[in-house]
Amino acid sequence: MTVPGLVLRNVFRNPRRTFLTMISIGVSLGLVVVLTTIVAEIYRPSKESGAIPRLVVRHRTSLGQPLPTHYGAKIAQLPHVAGVTALNWFGGQYKDDRPENFFARFACDPDSFFRVFREWKPDKPEYLGALKREQTACLVGPELLRRYGWSLGDRIQIRGDIYPVDLELTIRGTFSGPDDTWLIFQNKYLDEALGFPARVGTYWVLADSLDDVPVLIDSIDTMFRNSDAETKSETEKAFQLSFIEMLGNIQLLIKGIVSVVVFAILLVAASTMAMAVRERTPEIAILKTLGFQRATILRMIVAEGILVSIGGGIIGVIGVWLLLPHPKWFVSLAGGISVLAATSMVGILGGTLLPERRAADTRYSLFTGLQHFVWQYGPWISFGLGVLTTVTMLAALPPLDWFAFSNGFIQRDLHVPTETLLLGAGITFIVGFYSSIVPAWNASRIRVVEGLRTLG
Amino acid sequence: MAIPIRYNLRHLFRRWRTTLLTSLAIGLVVAVFVIMLSLAQGLSEAFVASGDPRNVLVMRSGSTSETNSLITRDQVRVLQYLPGVSVDAEGKPLVSVEVINLLNIPRTTGGTSNVMIRGVGQQAFAMRPQVQIVEGDPFRPGLRELVVGSTASERFVGCRVGQTVKLVKSEWTIVGRFDAGRSAFDSEIWGDTEELSREFDRDFYSTVLMRVDDAVAREALIGRIEEDQQLASLKPRTELAYYEDQTKTAGPLKFLGMFLAVVMAIGAVFSAMNTMYAAVAGRGREIATLRVLGYSRRSILISFVIESILLALVGGALGGLLSLPMNGVATGTTNFLTFTEVAFQFRVTPALILGGFLFAAVMGVIGGFLPALQASRRAIVEGLRET
């Protein structure tokens, strides 16, 4: 038998323990992958918008203060400005305030919107014409059509919350871009509905190139300094990051949780390796008598630790990678596991707390019969019910997407980025190595005589 | 007949390294559970401490928060003279007409956030007794003076007493600092309603706060506001109900905490299972001896489940200890209903620690059951034959 063969044999010497450890590592590692994927998704818009030379101008005091309408023309006259458009965040509620009915609604200037948001396009050229012509027209992202089952020509109502007016909009077309969940309508409609002089929430300015952006930020803010409405300009990326920052220190929170989870994995793996080495003390002594070097034994055990960890990593990382784009599987598995846990709890409490049938008692009632059955097959019943739940949920549930599942928090389907897969692989190796290095070191230093003595 | 718990304790001590590794893994799960929920707890407490059931808050009926409420001057005039409002010692009605604005301002810890600038009437302090000036003086009406909440003073740049801050057009002096007993007001800046309306070019007020003597007077006042034709666009509610509604901001935190805890628990349960299987495997002879002594299969089962629970409870204690240092740590998030920052503290309450112990015990039961079942099913003869 070769040394790698021996290592493999040792991994599966106690298959139940190896399996439990692998699942334990796998589930936790899967959690790490899910968390880092969600953080990547939260920061995605700010990352992607970094490549476009666009900046956002708002009132210095806060987004709650509007800017005058004549600022747009003044900004457009500055050198290296390729386009300016005004955008008002309408907010409001579609149907109700439940998060799944939340999406971005903007009052825009149809004449200049697509010139500044140049990576966005109306799906057909005539849609833009309709938006310009008809005061109550709106364009929506194709994802919204799918989500709410709308079709072109439908009328929708948006209740105002920031603004004290309700909107009656007609869907006249779709438009696509980095985010397919926006709704845009005419600025003019909002101004007339409000009945007071038009104001602008934000100006979005397209510069000729990325190099012009810093100078432009400076010249816009300088132009309006000491006026009644001073401005604050920033890159689109900084503007989006500021919203994430407002949530609080998410990165710190998630990084903290991820490190705690990794530490927990390390503990689980280390305790398994310690057990594995302890029960093998005499065997290692024999290996030494056969002439195995300390270094060889050390390497063998570290290799074993890494293999167990890789097994867990494969379960966790690949599992999440496969499951994450399919929330329905995710939910069904979670349902199955919950049923398994709940029925085991019931079985355990029933089995331990109910009075025991005495051996002398030969009367068999339905109750004692049931008790006996549960006693004998309880774990399998739980497992069976868990599997049954998962299968039923898979069959019965309507198609789910992450948007509905997360209450509107995640706007599109999740996919695990390559960096996250690499991170998972890295953690797997580190856990495998550090969990086994101490037991391996101890094993390599077992003294032959003492080791053999424990053979008894 | 039950096997004494001392037997289990001794075993846990004898294998203290394994016990420690496994219970620490369980402890980490408990710590994450308690800390995440303490975050949600602290946020909820900040909101609940803000509202007073004796205060009636009047807002525009479609608005979701004070920030986007609008009340016209005519409506305010009607509201001010409604009967049934409490009066102070000098006979003046306890009413505060308020205007809410946002100021985007750098945080001392980096980044920027929105702080709520609340314009209040002179009675506001009497109506919110938790708000006490602790440094400097209250602002004087008609002047560009502000008082700042203790947390806002710490968390935002340039908000100390004596400093000036530019709102829209002009510089305002911070003349005092107030403490609001850890409520959401601690994250706010207050000034005079009329002066702030001018500064922010506001034609409308935001909210009107009215004090009533008791529940009967409250219902009567709410009824009067709802019936009045001129006030048809407004919706009255108790201030407490408004702030309780804001606690739903803590919902996602709670969900995240539960989700993390349950997923991490799966890993910890399997680890406990490993430990308990090892414990059972190493004790074949002992178990058989116990059976020979007359202990039933079920006593063995219960004994091992108890041992697993004890192991998990050690973890629960470790988790509680690990989470304690977070108690009182200040943090903040943006309430996206008002679009303003609310500062709060992690609140590790006894109830949360107890919840952590319960959670640990459940992990112990589930992790210990299968090994315990195996132990109880062993044939006596086989066990005695073991080395």
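Since this is a predicted model, take the numbers as computed values, not measurements. Letters A, B, ... are given to chains in the order of the sequence lines, protein chains preceding strands, and every chain is numbered from 1.
- Contact detail for Lys166(B) and Asn226(A): the closest heavy-atom pair is NZ-OD1, 4.3 Å.
- Of the atoms belonging to Thr272(A), it is side-chain heavy atoms, and not backbone ones, that fall under 4.5 Å from chain B.
- Distance check: Asp161(A) CG to Asn68(B) CG gives 5.0 Å after rounding to the nearest 0.5 Å.
- When every heavy atom of Met246(A) is checked against every heavy atom of Thr112(B), the shortest pair comes out as CG-O, 4.2 Å.
- The part of Ile257(A) that comes within reach of chain B is its side chain, from C-beta onward, which places non-hydrogen atoms under 4.5 angstrom from that chain.
- Interface residue Thr275(B): backbone and side-chain heavy atoms are both found under 4.5 Å from chain A.
- With rounding to the nearest 0.5 Å, the separation of OH in Tyr277(B) from CG in Asn14(A) is 10.0 Å.
- Contact count versus chain A (heavy atoms, under 4.5 Å) is highest, among Leu167(B), Ile26(B), Val32(B), Leu70(B), for Leu167(B).
- Taking Arg107(B), Arg202(B), Glu341(B) one by one and counting their heavy-atom pairs under 4.5 Å with chain A, the maximum is reached by Arg107(B).
- Minimum heavy-atom separation, Tyr163(A) to Arg60(B): O-NH2, 4.0 Å.
- Interface residue Leu39(B): only side-chain heavy atoms are found under 4.5 Å from chain A.
- Both the backbone and the side chain of Glu245(A) come within contact range of chain B, each with at least one heavy atom under 4.5 Å from a heavy atom of that chain.
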Mind running side-chain contact (heavy atoms from CB on, under 4.5 Å) on Ile25(A) and Phe270(B) for me, showing each step along the way?
CA-CA 9 Å; Ile25(A) 294 176; Phe270(B) 283 153; over 6 Å; no
What verdict does the side-chain hydrogen bond (donor to acceptor under 3.5 Å, both in side chains) test give for Asn274(B) and Thr21(A), after you've listed the backbone C-alpha separation in whole Å, the side-chain angles of each residue and the deciding distance to 0.1 Å?
CA-CA 8 Å; Asn274(B) 261 340; Thr21(A) 310; 2.9 Å; yes
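- The residue among Ala269(A), Ser227(A), Gly92(A), Ser271(A) with the most heavy atom pairs within less than 4.5 Å of chain B is Ser271(A).
- For a residue to count as touching a neighbouring chain, one of its non-hydrogen atoms must lie under 4.5 Å from one of that chain's; by this rule Leu253(A) touches chain B with the side chain only.
- The heavy-atom pair separating Ala270(A) from Leu21(B) by the smallest distance is C-CD1, 4.1 Å.
- Here the shortest heavy-atom pairing between Ser271(B) and Ser24(A) reads N-OG, 4.4 Å.
- Arg17(A) touches chain B through backbone and side chain together, each having a heavy atom under 4.5 Å away.
- Looking at Leu247(A) and Phe336(B), their side chains come closer than 4.5 Å, going by heavy atoms from C-beta outward.
- Of the listed residues Thr331(B), Leu260(B), Thr22(B), Asn114(B), the one with more heavy-atom pairs under 4.5 angstrom with chain A than any other is Leu260(B).
- Comparing Met275(A), Glu279(A), His59(A) by how many heavy-atom pairs each has under 4.5 Å with chain B, the most go to Met275(A).
- Using a 4.5 Å cut-off between heavy atoms, Ile337(A) touches chain B through its side chain atoms alone.
- Nearest heavy atoms, Ser28(A) versus Gly267(B): OG-CA, 4.3 Å.
- Between atom CZ of residue Arg278(A) and atom CZ of residue Arg17(B) there is a gap of 7.5 Å, rounded to the nearest 0.5 Å.
- Between the CG atom in Leu256(B) and the CD1 atom in Ile254(A) there is a gap of 6.0 Å [rounded to 0.5 Å].
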In sequence, state the C-alpha distance, the side-chain angles, and the governing distance for Asn104(B) and Leu63(A), and then conclude on side-chain contact (heavy atoms from CB on, under 4.5 Å).
CA-CA 8 Å; Asn104(B) 194 257; Leu63(A) 273 170; over 6 Å; no
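- Interface residue Phe200(B): backbone and side-chain heavy atoms are both found under 4.5 Å from chain A.
- With a 4.5 Å cut-off on non-hydrogen atoms, Leu35(A) touches chain B through its side chain but not through its backbone.
- Dense packing is recorded around NZ of Lys169(B), with more than 12 heavy atoms of other residues, nucleotides or ligands lying under 6.0 Å away.
- Residue with the most contacts toward chain B among Leu267(A), Thr61(A), Asp228(A): Thr61(A) (heavy-atom pairs, distance under 4.5 Å).
- Of the atoms belonging to Leu241(A), not a single heavy atom falls under 4.5 Å from chain B.
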